[in-house]
Amino acid sequence: MKHKLFQPYTVRNVTLKNRIVMSPMCMYSSDNQDGYAQPFHLTHYESRAAGQVGLIITEATAVLPEGRISHEDLGIWSDEHIEGLQKINEGIHRHGAKAGIQLAHAGRKANLRDETFAPSAEAFSASMKVPTEMTKEDIHRTVEAFREGAGRSKKAGFDVIELHGAHGYLINQFLSPLTNKREDEYGGTRENRYRFLSEAIEAVKQEWDGPLFVRISGEEYHEDGNTMDDFIYFAREMKSQGVDLIDVSSGGVVPAAIDPYPGYQVTYAEQIKQGAGIDTGAVGLITSGNQAEEILQNERADLVFLARALLRNPYWPKEAADELGYPLEGPRQYTRAW
Ligand SMILES: Cc1cc2nc3c(=O)[nH]c(=O)nc-3n(C[C@H](O)[C@H](O)[C@H](O)COP(=O)(O)O)c2cc1C
């Protein structure tokens, strides 16, 4: 069998050595509350690179301080953040993995002491702050922050940028009719709800010509939310703007009970791939080599993203290779155990 999980994947000028992606995961470990990378981050990301993950996407990294989910999030709102991110990248690259950054703004889901901002002045839940409705000036300032974040990502040596448009954070708040109640050109029709993301993509492209991914929530678990038809519309627009891959997650827009099962979100990645003719990444309870291989071989997605399985085992690629009978190369230093 020709194992697809271990076949390279080329996107623009970047070739990933395999199809295994470390999904972005907030570590809430910027202990001084200033957005800087700490020693923990270096060990955390380099370990997964030593474990032979093909692409490591770092956690949601805030383009503005008010866009953090918590005070301990990583940040990229100033040039001073570049150096720490550069060190993370050096560790990742040492093992032949590629490095991605997830550029993010939490919008109304920012759990901070200060004022929060969103398309509309509605709180996520009773326990969360009511955000300030963004003025056009706030919108332009935030789009500009995504552009600056992209420029700094390039300086820090990242290979891939992913925009966080999922889980009910700011971009998702603009996309969804459940959270976007605006009456100007940024709200109402789906064309208008897409405008903020469209502007963010154009801004990023001013600084970045490398691979560009966007993560979206492909199901909102609410009858008045976006439908698959809407997601395919957004995906087609993104494709026409030059986005290379849609990383398809789900939920987080409004509080909802989700009952996850193995591969519960793969169907959304598959429908968007088929419907918009764009590469996709599948994520969500993908835990075994066979499961990952099935998704790729059946062309349901082009990359598999793993989160918790890689927290449990940084050497998950080795585990999957053993399961599939693939002779994966390991770090030279570990040859006697590999
Ligand atoms: C600790 C933790 C932190 C996470 N932080 C992020 C994040 O920063 N950005 C994001 O898009 N998803 C985040 N997620 C979601 C994961 O990327 C992934 O989509 C989800 O856990 C499902 O995949 P899994 O079943 O392989 O864990 C996080 C998940 C976990 C467990």
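First listed ligand is number 1; within each ligand, the first listed atom is number 1.
Under the 4.5 Å side-chain heavy-atom criterion for ILVMFWY residues, no single connected hydrophobic cluster contains both I56 and L245.
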Output side-chain donor-acceptor pairs under 3.5 Å for residues 279-287, partner residues at least two apart or in another chain, one line each.
residue	atom	partner	partner atom	Å
D279	OD2	Y9	OH	2.6
T280	OG1	A269	O	3.3

Only distances under 3.5 Å count here; give the side-chain donor-acceptor pairs of residues 121-128 to other protein atoms, sequence neighbours excluded, each with its distance to 0.1 Å.
residue	atom	partner	partner atom	Å
E122	OE1	K181	NZ	3.3
S125	OG	S127	OG	3.3

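Between S250 and Y221 there is a side-chain heavy-atom pair separated by less than 4.5 Å.
Counted within 6.0 Å of CD on E185, heavy atoms from surrounding residues, nucleotides or ligands total more than 12; the atom is thus considered enclosed.
Within the hydrophobic cluster formed by Ile, Leu, Val, Met, Phe, Trp and Tyr side chains joined at under 4.5 Å, directly or through other members, L178 is accompanied by V253, V254.
Enumerated by chain and number, the residues approaching ligand 1 to less than 4.0 Å through a heavy atom are S23, P24, M25, C26, A60, Q102, H164, H167, R215, V283, G284, L285, L306, A307, R308.
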